[in-house]
Novice: 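Pasting a structure here, questions to come.
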Amino acid sequence: MSDNLIEQLAAPRPADAGAVAGAVAALRERLAGAASAQGLVDVAFRTVETPVGALLLAATEAGVVRVAYPAEGHEAVLESLSVAIGSRVLRDTRRFDDLCHQLDGYFAGQRRHFEVALDLRLAHGFRLEVLEHLRTIAYGATETYAAAAAASGRPKAVRAVGTACATNPLPLLVPCHRVVRSDGTMGGYLGGLPAKQLLLDLEAAA
Amino acid sequence: MKHPFDQAVAEHSAVVLRVCRAVLGPVEADDAWSETFLSALRAWPDLPDDANVRAWLVTVAHRKAIDVRRAQARGAVPVESLPDRPSWGDEQPGAALPDTELWAALAALPSKQRQCVAYHHVAGLPHAEVAAIVGGTAAASRRSAADGIATLRRTYLTKEVSTHV
């Protein structure tokens with residue numbers, strides 16, 4: 001015979017599980033607000049559904065530090081941010097209200113650039129220089145890997161530009177999708193080629 | 001701890017809330033939960049990687065529950081925290097707060113028994129870890145939990161049976 005008292009202490013009744021989950025969700029939101037007000041958060045994050053899949057958005061106090069496609073594995077990305085930046089990693093949906101609104105506008109073809117502070121601390125050296133250059137490629141325009149290499153000051157470093165794009169910590173916001181091959185084909189994309197195609201088509205149509 | 005703090009929140013927040021409710025009752029539980037996770041977030045980077053996170057969180061919650069009780073006893077509950085406290089009736093319109101009667105029965109227990117029942121049966125910690133939190137020996141914690149359960153069987157379960165059968 002089962003022991004109702006012990007079972008009920010150990011876990012809510014199935015009918016009550018939803019109420020407990022709702023209370024916890026409200027408390028977690030309150031925690032995120034209090035923690036960020038007290039400067040206790042190394043990395044705030046949330047996920048957001050977009051036409052190119054669920055994106056992980058992560059930010060430090062300085063700005064957005066990471067955007068990750070599902071293919072990168074959101075859990076793995078959070079683990080690496082925890083090691084690289086700090087383990088006070090906390091979900092905070094409100095932190096990204098404005099960015100999510102801007103993403104909605106972008107995917108609706110109504111927004112051509114993002115007005116958001118970026119934290120580029122995850123990129124170094126030449127890769128950082130490449131990313132700084134990519135930020136200047138206009139909406140709807142594309143550039144070849146060779147041209148991006150030349151513009152970044154190292155015309156022979158075409159492969160290094162490819163690597164900088166492949167390891168871009170801030171895809172979409174730093175538009176590495178606008179870099180394509182000299183033969184007119186797309187080249188690679190860390191979010192997958194269908195995502196790159198969708199972004200290029202979106203920007204060409206708008 | 002090198003892992004993201006959010007993992008600990010995702011994994012343990014519900015059980016810590018139920019522990020706070022068991023020890024303090026549903027109303028004060030929210031503030032104790034918030035204080036527990038804020039304090040845990042502060043200390044997280046210094047926690048050893050092999051620490052038992054649930055036991056550690058329950059230990060923090062235990063201290064915060066004591067703080068909440070002391071503040072109550074002094075009548076010194078900070079005013080600014082009051083408006084944030086959700087009213088259960090508003091949050092769950094038409095629905096009774098889960099386990100209200102169970103937490104009420106727990107509230108009638110002596111505090112040591114209530115803590116030992118909460119940390120062993122609600123949080124699932126072994127008696128030795130419960131003893132490390134509340135003080136005394138594992139045997140004493142086991143006895144307190146057993147005494148508490150015996151009382152609950154008289155005060156709560158008989159009521160439960162009479163209302164449900």
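The analysis underlying the following values was restricted to heavy atoms, covering all of them including side chains, and did not include hydrogens, waters or symmetry mates. Quick note on labels: first sequence line is chain A, next is B, and so on, each numbered from 1. Computed from a predicted model, the values in this text were never measured in an experiment.
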Novice: Side chain from CB out, backbone as N, CA, C, O: work out which of these in Val16(B) comes under 4.5 Å of a heavy atom of chain A, or both, or neither.
Specialist: neither

Novice: Non-hydrogen atoms of chain A under 4.5 Å away: do they reach the side chain of Arg42(B), the backbone, both or neither?
Specialist: both

Novice: Can you see which heavy atom on Ala14(B) is nearest to which on Val24(A), and at what distance?
Specialist: CA-CG2, 3.7 Å

Novice: Please report the interatomic distance CD1(Ile6(A)) to CZ(Arg153(B)), rounded to the nearest 0.5 Å.
Specialist: 5.0 Å

Novice: Heavy-atom pairs under 4.5 Å with chain B are the metric here; pick the option from Leu81(A), Val83(A), Leu31(A), Val41(A) that has the most.
Specialist: Leu31(A)

Novice: Find the one option among Ala35(A), Pro12(A), Ala21(A) whose heavy-atom pairs under 4.5 Å with chain B are most numerous.
Specialist: Pro12(A)

Novice: Mind ranking Ser13(B), Ala22(B), Gly124(B) by heavy-atom pairs under 4.5 Å with chain A and telling me who comes out on top?
Specialist: Ser13(B)

Novice: Are more than 12 heavy atoms from other residues, nucleotides or ligands located less than 6.0 Å from atom CZ of Arg94(A)?
Specialist: no

Novice: Within this structure, what is the CH2-CG distance for the pair Trp44(B) and Leu90(A), rounded to the nearest 0.5 Å?
Specialist: 11.5 Å

Novice: Would one find more than 12 heavy atoms of other residues, nucleotides or ligands at under 6.0 Å from atom CD of Glu132(A)?
Specialist: yes

Novice: Could you tell me whether Arg111(A) atom CZ has more than 12 heavy atoms of other residues or ligands within 6.0 Å of it?
Specialist: yes

Novice: Would you please test Phe5(B) and Ser87(A) for side-chain contact (heavy atoms from CB on, under 4.5 Å) and show each step?
Specialist: CA-CA 6 Å; Phe5(B) 179 71; Ser87(A) 59; 6.0 Å; no

Novice: Can you see whether Ser34(B) engages Arg30(A) through a side-chain donor-acceptor pair at a distance of less than 3.5 angstrom?
Specialist: yes

Novice: Would you mind telling me which of Ile149(B), Leu102(B), Leu41(B) has the largest number of heavy-atom pairs within less than 4.5 Å of chain A?
Specialist: Leu41(B)

Novice: Begin from the C-alpha positions of Arg28(A) and Asp6(B) and carry the test salt bridge (Lys or Arg N to Asp or Glu O under 4.0 Å) through to its verdict.
Specialist: CA-CA 10 Å; Arg28(A) 286 179 74 172; Asp6(B) 204 76; 3.2 Å; yes

Novice: Can you establish whether the number of heavy atoms outside Gln38(A) located under 6.0 Å from its atom CD is more than 12?
Specialist: yes

Novice: Measure the shortest side-chain to side-chain distance between Val20(A) and Arg21(B) over non-hydrogen atoms and say whether it is less than 4.5 angstrom.
Specialist: yes

Novice: Roughly how far apart are His121(B) NE2 and Leu5(A) CG, rounded to 0.5 Å?
Specialist: 8.0 Å

Novice: Run the side-chain contact (heavy atoms from CB on, under 4.5 Å) test on Glu79(A) and Lys2(B) for me, step by step, so that the C-alpha distance in whole Å, both residues' side-chain angles and the decisive distance to 0.1 Å come before the verdict.
Specialist: CA-CA 8 Å; Glu79(A) 284 282 351; Lys2(B) 289 194 287 288; over 6 Å; no

Novice: Measure Ala11(A) against the heavy atoms of chain B and call it side chain, backbone, both or neither at under 4.5 Å.
Specialist: backbone

Novice: At what distance, to the nearest 0.5 angstrom, does OG of Ser82(A) lie from CE of Met1(B)?
Specialist: 10.0 Å

Novice: Determine, step by step, whether Arg13(A) and Asp99(B) satisfy the side-chain contact (heavy atoms from CB on, under 4.5 Å) criterion, reporting the C-alpha distance in whole Å, the side-chain angles of both residues, the deciding distance to 0.1 Å, and the verdict.
Specialist: CA-CA 8 Å; Arg13(A) 294 186 186 99; Asp99(B) 300 324; 3.8 Å; yes

Novice: Drop me the distance from Asp30(B)'s CG to Leu27(A)'s CG, to the nearest 0.5 angstrom.
Specialist: 4.5 Å

Novice: What distance separates Leu9(A) CG from His120(B) NE2, expressed to the nearest 0.5 Å?
Specialist: 10.0 Å

